[in-house]
Student: 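Handing you this structure, nothing more for now.
Below, each value reflects all heavy atoms present in this structure, side chains not excepted, and no hydrogens, waters or symmetry copies. Since this is a predicted model, take the numbers as computed values, not measurements.
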Amino acid sequence: GSLEKALNYAMTLLDDIASRFERNHEWQKKADEQLKQLLYRIIDRVHENIELMVRENLNRYTDSMLVDLIESKAGNDLQLIRINGSVVGGLVGILIFVITKGF
């Protein structure tokens, strides 16, 4: 019926607008700028809420709980950093000794 005709007309109109938008770089640029401005405004509004949520969630943990959490998530990486630091530190120490004292 008439609802189906209206929906078909709306779909045709939307397809036409989408095709024009696809070909018109100026419209795309304006849409991009407007969307970015909208997102910046939204982020500015919710930024304080995000900070508050993060702070509240972190305040639930004791220092030892945070250390355990970080070590469980990044423990292997931290261990490799320690090993790397030890090896590099040892090699630099040997190099400095050799340079200053000679053989």
Side-chain angles (χ1 to χ4, degrees):
S2 62
L3 179 60
E4 188 176 330
K5 286 181 182 179
L7 287 175
N8 285 335
Y9 176 74
M11 291 303 294
T12 303
L13 188 61
L14 286 174
D15 284 341
D16 183 50
I17 291 170
S19 294
R20 289 181 185 194
F21 183 80
E22 192 174 0
R23 292 188 306 265
N24 191 326
H25 296 293
E26 189 62 33
W27 284 5
Q28 292 173 14
K29 184 178 177 183
K30 285 181 181 180
D32 181 62
E33 290 171 2
Q34 292 295 319
L35 185 58
K36 285 178 183 176
Q37 289 301 319
L38 175 65
L39 289 174
Y40 291 146
R41 286 194 301 268
I42 291 171
I43 289 170
D44 282 343
R45 283 188 206 146
V46 299
H47 180 264
E48 292 176 5
N49 294 337
I50 293 171
E51 179 183 351
L52 184 63
M53 287 181 353
V54 169
R55 189 177 308 277
E56 286 175 359
N57 284 321
L58 286 177
N59 284 337
R60 293 182 193 170
Y61 295 99
T62 64
D63 288 345
S64 61
M65 289 169 69
L66 281 173
V67 168
D68 290 341
L69 177 66
I70 292 169
E71 284 183 349
S72 72
K73 301 297 182 193
N76 290 337
D77 292 337
L78 291 174
Q79 192 62 26
L80 289 174
I81 290 169
R82 288 183 191 117
I83 292 169
N84 186 28
S86 298
V87 170
V88 171
L91 292 174
V92 169
I94 292 170
L95 182 64
I96 290 173
F97 177 81
V98 168
I99 291 173
T100 57
K101 301 294 182 184
F103 277 99

Student: Under the 3.5 angstrom rule, does the side chain of Asn59 hit a backbone N or O of Arg55 as a donor-acceptor pair?
Tutor: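 Yes: the side chain of Asn59 pairs with the backbone of Arg55.
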Student: Applying salt bridge (Lys or Arg N to Asp or Glu O under 4.0 Å) as the test, list every pair that has at least one member in residues 16-30; sequence neighbours left out.
Tutor: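 Output for this query lists Asp16-Arg20.
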Student: Answer yes if Val54 and Val46 sit in the same cluster of Ile, Leu, Val, Met, Phe, Trp and Tyr residues linked by side chain heavy atoms under 4.5 Å apart, and no otherwise.
Tutor: yes
Student: Between Leu38 and Gln34, does a side chain to side chain contact (heavy atoms under 4.5 Å, CB included) hold up when you go through it step by step?
Tutor: CA-CA 6 Å; Leu38 175 65; Gln34 292 295 319; over 6 Å; no
Student: Working to the nearest 0.5 Å, report the span between OG of Ser19 and CG of Asn24.
Tutor: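 One finds 12.0 Å between OG of Ser19 and CG of Asn24.
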Student: Partners of Ile17 by side chain to side chain contact (heavy atoms under 4.5 Å, CB included), sequence neighbours excluded?
Tutor: Leu13
Student: Hey, what do you get for CG (Leu14) to CG (Leu7), rounding to the nearest 0.5 Å?
Tutor: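 The CG atom of Leu7 is 10.5 Å from CG of Leu14, to the nearest 0.5 Å.
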Student: May I ask you to check whether over 12 heavy atoms, not counting those of Tyr61, lie within 6.0 Å of atom OH?
Tutor: no
Student: So how far is it from Ile94 CD1 to Ile99 CD1, rounded to the nearest 0.5 Å?
Tutor: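 So the CD1 of Ile94 and the CD1 of Ile99 are separated by 12.0 Å.
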Student: To the nearest 0.5 Å, how far apart are CD in Glu71 and CG in Leu66?
Tutor: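 Atom-to-atom, Glu71:CD and Leu66:CG are 11.5 Å apart.
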Student: Please check if the side chain of Asn57 supplies one atom and the backbone of Met53 the other of a donor-acceptor pair under 3.5 Å.
Tutor: yes
Student: In terms of hydrophobic clustering (I, L, V, M, F, W, Y; side-chain heavy atoms under 4.5 Å; direct or indirect links), are Met65 and Leu58 co-clustered?
Tutor: yes
Student: What distance separates Ile81 CD1 from Asn76 CG, expressed to the nearest 0.5 Å?
Tutor: 11.0 Å
Student: Share the residues that join Val88 in a hydrophobic cluster, the rule being Ile, Leu, Val, Met, Phe, Trp or Tyr side chains under 4.5 Å apart at the heavy-atom level.
Tutor: Val92, Ile96
Student: Could you tell me the separation between the CG atom of Leu91 and the OG atom of Ser86, rounded to the nearest 0.5 Å?
Tutor: 10.5 Å
